[in-house]
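Working notes, beginning with the structure itself.
This is a predicted model, so every value here is computed, not measured. Atom set for the values below is all heavy atoms of this structure, side chains included, hydrogens, waters and symmetry mates excluded.
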Amino acid sequence: MEHELVGLAGSGGRWRPVAAGPFTVLAVALALLPIRPVWLWAALIGAVAAVPWLLGAVPDARRRRPRPYWRLSAGGLERIGRGGLVMVSYERSRIDGLAITTGDGVLTVFHRFGRTAVGGMTAMGLEPLAVFVTARRLGIPMYVLDGEATDLLDPALDEALRASGLEDDIPGSGPLPRDHAAEKRLLDQEAALLAAAYEPPAEPTTEPTTETPTAGRAGRGRGRRAGEQRLATPEPLPSRRRIMALGALTALLGAVMIVRIALDGTSEFGARLAAGCWALAAIAGVLAARRRLLRAAQIRWTITAERLLVRARPGRRREAQDLRAGDVAAVVVGPGLRLDPVSGEPRRADLAALAFGHRLELVARLPAHGLDGFQLAHALDDHGYRVITPGARAPRRPDYGLEGLPEIFAQVPGGRLVVADGGLGWADAAGDVVLKMPEDRIGGIELLTIGGHAWVRLYDSDGDEFFAAPLSALRISRTDLRDSARRAGLPVNDAEYDAYMSAAFHSAVSTLAAPEPDRAAAALPAPAAGPDGGVQDVPAAPPPGGPGEQDVMFAVSAPLGPVTAPGTVLDATRRSRVGTYAMSVLLCEAVALLGAVWLGPDLGGFNATASWSMPAGLVIGLLGYWLYDRNRSQLRVSSAGLAVVTRRGKVEWDLTRDRVGGVGIDESTDRMPRLVVWAPSGRVLRQITFPPDLDELRRACERYGVPWGPPDADRPAPPPPEL
């Protein structure tokens with residue numbers, strides 16, 4: 001078809017073990033059984049361990065069947081299963097529109113009888129730009145909506161809006177800023193694709209760039225660079241050969257040890273247990289080597305003015321993607337999708353390339369994760385390819401609401417928060433207090449900055465938070481609330497204001513103090529020449545202002561750093577500490593058990609050795625981790641910056657406030673989500689190895705003015721208000 005979009009899906013013919021876990025358990029169970037003769041026992045263990053690999057090779061012997069994938073074409077939105085059968089179909093004549101929700105990235109189909117959430121864009125293997133462009137070419141209206149798909153599919157929410165009359169307050173025209181920015185970005189990329197599709201291609205030249213654009217290349221202004229340029233991701237460490245050798249040696253060692261145990265005899269249970277452990281280690285080593293081998297792929301790009309050659313799976317030349325330059329109108333370089341090397345399912349990628357043709361069709365998806373986006377974009381542009389990158393990101397906004405506001409706040413027009421009669425109150429437009437909160441109910445008032453806006457948090461006498469709202473909604477300034485509450489004797493904590501005043505005081509006083517070398521030189525007597533030409537001591541001149549006055553010097557302390565400034569110390573959670581204790585004990589017990597199995601015959605038997613090795617492993621595990629835990633690392637958050645300090649006072653690392661661009665969870669890599677510290681430019685500075693309580697960490701960052709979350713380079717956060 002002329003306009004057809006096929007979702008990303010892996011080939012179904014890759015050789016992989018089938019049901020490796022159950023067959024591994026079966027092999028270990030067979031190793032524990034007293035099967036006679038011994039050769040049959042060893043043969044059964046080897047055969048059961050090899051069954052998953054034989055089952056995985058059977059589909060390759062037959063016809064290769066691709067995985068199910070999604071397709072958007074003139075026939076509608078379809079999910080194609082194995083063998084080309086249509087599993088799910090949304091006919092084009094029944095589709096009134098498609099929508100992408102920004103909150104969860106779900107594709108929703110609008111039809112005659114309502115709305116249907118099809119699924120997540122990532123799981124479907126579809127990119128928002130490709131779906132947006134293809135749907136508009138097919139004449140299907142596209143919408144970008146702010147929120148989640150559940151908000152659109154909850155009929156109770158629609159009924160509540162109609163019953164309460166809130167539906168009239170929702171603006172019907174003009175999208176919200178976040179979805180408006182997302183839709184505008186997609187429209188800009190579509191416009192760039194249209195311009196690239198109708199622009200005549202550039203001619204190859206021997207020069208890297210052209211100074212003056214010719215008439216035929218007025219839109220591009222660049223020629224195609226002759227020659228080729230190669231880009232590749234770093235070679236995996238360890239190399240693929242070492243990984244394969246390690247897996248083969250593990251399997252060979254396990255097989256040799258099982259054969260040795262079989263030759264020595266399997267009458268004792270300890271020998272059979274050792275054989276089961278060796279079988280488990282061999283199978284696990286082979287599976288781990290295969291998993292690491294799949295992830296150790298290296299992506300290689302060969303860019304010339306005539307074609308693009310991309311190879312992502314080494315050793316498979318037939319799967320290399322080869323694109324002619326004449327078939328490519330533009331290449332969109334930015335975040336995209338890639339196939340998970342282990343499961344074969346689509347996953348998010350930090351960098352990917354989408355090649356579009358001159359009919360705005362998606363020609364190819366080119367993997368680029370692991371490459372440098374700057375080099376890739378400029379290499380494509382230097383060779384004459386039109387490169388399109390996503391525009392500015394939507395600014396991040398803090399996820400806070402006004403659910404804690406009492407209903408009377410909205411019922412009193414022109415109301416505002418006031419400090420009256422030793423407590424807090426809500427006054428109407430005339431100044432009369434209609435709601436009062438006595439002093440005995442207020443345990444603390446905290447002023448802080450969230451997203452560049454002043455907020456207030458109220459705590460009860462027990463220290464629990466019961467109210468939080470921005471001061472703009474309460475119609476009171478930060479300065480008025482702080483000063484009036486302190487005059488009334490209420491407990492007010494404004495750490496940002498106090499830190500600002502302290503820094504301003506030190507900066508003002510530091511200009512009044514002379515440097516130490518100057519004061520020392522002024523206190524020494526000046527030598528003078530005597531009548532005989534020698535040096536004669538001359539008494540120092542009295543200080544100006546009379547003999548009764550003394551020199552006044554200000555002793556100014558050094559500016560406080562991340563370790564010395566007042567702040568909050570965050571420790572690892574109790575749950576993680578207990579889990580680490582348990583893991584340490586289990587590891588020592590496993591070593592003790594294996595040692596009893598291995599050395600038991602030489603130390604009086606398995607039971608006698610295990611009777612003292614197991615308690616010893618328990619004691620060693622508890623004592624060893626206690627020695628480590630007593631000097632564990634702790635995170636210190638203050639207005640001067642961040643620092644990781646051990647319990648004995650050793651500073652592992654510290655970062656001043658001007659170097660910190662954000663603190664939060666990083667989920668952009670293939671590893672597990674990690675707690676990191678970003679620079680203002682977005683580069684990861686430090687990684688916090690121990691997991692503190694995230695709520696306490698966010699609260700501490702907000703209290704001391706440290707930004708929570710990744711830095712927004714496109715729209716930096718404004719300074720704290722009213723400081």
For Ser638, the side-chain hydrogen bond (donor to acceptor under 3.5 Å, both in side chains) test, sequence neighbours excluded, returns none
Just wondering, do Arg574 and Val578 contact through their side chains at under 4.5 Å, heavy atoms? yes
Next item on the list: Would you check if Ser267 and Arg36 make a side-chain contact, meaning some heavy-atom pair closer than 4.5 Å?
Entry: yes
Requested in this report: Please examine the side chains of Pro52 and Leu55, heavy atoms only from C-beta on, and report whether any two atoms are closer than 4.5 Å.
Outcome: no
For residues 279-299, the ring-ring contact (aromatic ring centres under 6.0 Å, His included) pairs (sequence neighbours left out) are none
Residue pairs passing the salt bridge (charged side-chain N to carboxylate O under 4.0 Å, His left out) test with at least one member in residues 576-592, sequence neighbours excluded, are Arg577-Asp629
Residues pairing under side-chain hydrogen bond (donor to acceptor under 3.5 Å, both in side chains) where one sits in residues 605-616, two or more places apart or in two chains, turn out to be none
message: Under 6.0 Å from the ring centre and within 45 degrees of the ring axis: does the NZ or CZ of Arg630 meet both conditions for the six-membered ring of Trp626?
response: yes
The complete set of ring-ring contact (aromatic ring centres under 6.0 Å, His included) pairs with one or both residues in residues 570-595, sequence neighbours excluded, reads Tyr581-Tyr625
Those residues at least two apart in sequence (or on a different chain) that pass salt bridge (Lys or Arg N to Asp or Glu O under 4.0 Å) with Arg659 are none
Residues 643-655 vs salt bridge (charged side-chain N to carboxylate O under 4.0 Å, His left out), sequence neighbours excluded, gives none
Does the side chain of Tyr704 come within less than 4.5 Å of Thr568's, by heavy atoms? yes
Sorted by chain and residue number, the side-chain hydrogen bond (donor to acceptor under 3.5 Å, both in side chains) partners of Glu439 (sequence neighbours excluded) come out as none
Contacts of Asp571 meeting side-chain hydrogen bond (donor to acceptor under 3.5 Å, both in side chains) (sequence neighbours excluded), chain-then-number -> Arg632, Gln634
Hits for salt bridge (Lys or Arg N to Asp or Glu O under 4.0 Å) against Glu446, two or more places apart or cross-chain, chain-then-number order -> Arg703
Salt bridge (Lys or Arg N to Asp or Glu O under 4.0 Å) filter on Arg699, not counting sequence neighbours, yields Glu465
*Donor-acceptor under 3.5 Å (Arg657 side chain, Gly705 main chain)*: yes
side-chain hydrogen bond (donor to acceptor under 3.5 Å, both in side chains) filter on Thr656, not counting sequence neighbours, yields Asp658
